[in-house]
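In what follows, a structure is listed as structure tokens, so that the remarks can point back to it.
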Number of protein chains: 2
Amino acid sequence: MVMRGFAARSHYLRNGGRQITALHVPGDFVDLHAYLLKVMDHGVAAINSCEVGFTSYDSIRRATEQSPHLGRLFWLSTVIDGAVQRAWITCMGRLSTKQRIAHFLCELYLRLEAAGIASDNRYALPLTQTQLGDLLGLSVVHINRKLQELRSTRLVDWKGGMVFINDFDALAELAEFDPTYLSLRIEPR
Amino acid sequence: MVMRGFAARSHYLRNGGRQITALHVPGDFVDLHAYLLKVMDHGVAAINSCEVGFTSYDSIRRATEQSPHLGRLFWLSTVIDGAVQRAWITCMGRLSTKQRIAHFLCELYLRLEAAGIASDNRYALPLTQTQLGDLLGLSVVHINRKLQELRSTRLVDWKGGMVFINDFDALAELAEFDPTYLSLRIEPR
DNA sequence: CGTGTAGTTGATAGTGCTCAATTTTAGTGG
DNA sequence: CCACTAAAATTGAGCACTATCAACTACACG
């Protein structure tokens, strides 16, 4: 489990290309999948300096057997990861570059807010533009240009590793972002 | 659970666009996610004429509580779905159109073979090119053209709703397809 | 002050989309 | 068995989007 910092799950390709398939933030159980999938075909790496916690598979097994409720929570955690991945698939397949970036920034804000490490429409985002490209399936150059366009709308800013969302609702509207898939408790914003 | 036929999980966008985020084939538990996620933000629809089985959430809950092993199998099922989605993300982000199509055809062959409804490198694929486009995040026209190029390589054919894989290994090589993520039993091919 | 990484820019070549038309296929009823 | 119809597949043309390559700038660090 990630306690502090960001971690990325990624695939590497023959030509040196890379695709990040999941971004894990503090509070995320990173490798519950691996508890069930004996063979993993990809790697998880820290994005920045991370603090992580470990548990033995044995203790997870015992916990799930002794407490079905806890078992369901673990299961739920992986199911939500799946919902996030489906949202990413839709982003990558059908949204414009600007929408993809906006969608990602919206998603991450809500996830970090839920984790208690973001508020006031701002958060630290320790990614390089190259990493954002690997995450969204785009080249750095293109990310850079579309990011400039996005900044010029004044809806959002990202500099010095900090994201400032000036108008969350408008940004979400732009990205067709619907937070339902994150399964967060619905609270008045 | 799908007993016969294909079903697709998809998101719809404002502009009428559609993205298929998962394709379910016979033997797939389609809505285990929904057992845990009380709110779903997308739909599941039959692709062709389907035969489906139903179970109550109650009986799933009872089964998982009485038999942790069965519970782990259900969980595993959703985790494998997640692995497939991650593979799709990589496809959509970093593979060429021809590779994406080839990757999809390879994946589906192995899944159908495991379900016992495909063998001899051939299977029935009841999708239109439009649906394949919605699945891979591409336009019909583009799908059509790249499909022709793929056919011209003689590695694979697809006509009359039947796919014929003439050289699975070469097709997999082209698509950088590694079946690990499907978590199928490894059998000599 | 040198060094390396990240960010930015311009130019060019692919890649993929849209629109619109045409051909083929499958299914229907006579 | 044939005519009719709707859906699916195919084609061409033009344009928009995105990648690549190659510089160049900004910034942090020792």
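Every chain is numbered from 1 and lettered A, B, ... according to where its sequence line falls, protein lines coming before strand lines. Source: prediction; values computed, not measured.
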_What's the angle between the local helix axes at either end of the helix from C/dC1-D/dG30 to C/dG30-D/dC1, using five pairs per end and rounding to 10 degrees?_
50°
_Return a single string for nucleotides 7-15 of chain C, one symbol per nucleotide in 5' to 3' order, where B is base contact, S is sugar-phosphate-only contact and - is none, cutoff 4.0 angstrom on heavy atoms._
SBBBB----
*Rounded to whole angstrom units, what separation is found between the CD atom of B/Glu149 and the P atom of D/dT10?*
13 Å
*D/dT18 C1' sits how many Å from A/Lys98 NZ, rounded?*
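The answer, rounded to whole Å, is 15 Å.
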*Will you find, in the side chains of A/Trp88 and B/Gln85, an N or O donor that is under 3.5 Å from an N or O acceptor?*
no
*asked:* Under a plain distance cut-off of 3.5 Å, with no hydrogens placed, do A/Arg9 and A/His42 share a side-chain donor-acceptor pair?
replied: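 There is such a pair between these side chains.
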*Can you name the residues that form a salt bridge (charged side-chain N to carboxylate O under 4.0 Å, His left out) with B/Asp58, not counting sequence neighbours?*
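Expected list: B/Arg61.
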*Can you name the residues that form a salt bridge (charged side-chain N to carboxylate O under 4.0 Å, His left out) with B/Arg14, not counting sequence neighbours?*
A/Glu173, A/Glu176
*Heavy-atom contacts under 4.0 Å between residues 9-26 of chain A and DNA chain C, which residues?*
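The stretch gives none, as no residue of it lies under 4.0 Å from the strand.
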_Salt-bridge present (B/Arg62, B/Glu65; N to O < 4.0 Å)_ =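 No, B/Arg62 and B/Glu65 are not salt-bridged.
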*May I ask you to decide whether B/Asp41 forms a salt bridge with A/Arg86, counting only side-chain N to carboxylate O separations under 4.0 Å?*
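Result for this pair is no, no salt bridge flagged.
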*In terms of the angle between their ring planes, are B/Phe29 and B/Phe74 parallel, tilted or perpendicular, with boundaries placed at 30° and 60°?*
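Correct class here is perpendicular.
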Ignoring hydrogens, what is the shortest heavy-atom contact between [X] and [Y]? Give both atom names and the distance.
X        : Y        : result
A/Val52  : A/Val2   : CG1-CA, 4.3 Å
A/Ile165 : A/Leu105 : CD1-O, 4.0 Å
B/Leu135 : B/Gln19  : O-NE2, 3.0 Å

What's touching nucleotides 28-30 of chain D from the protein side, N or O pairs under 3.5 Å?
none

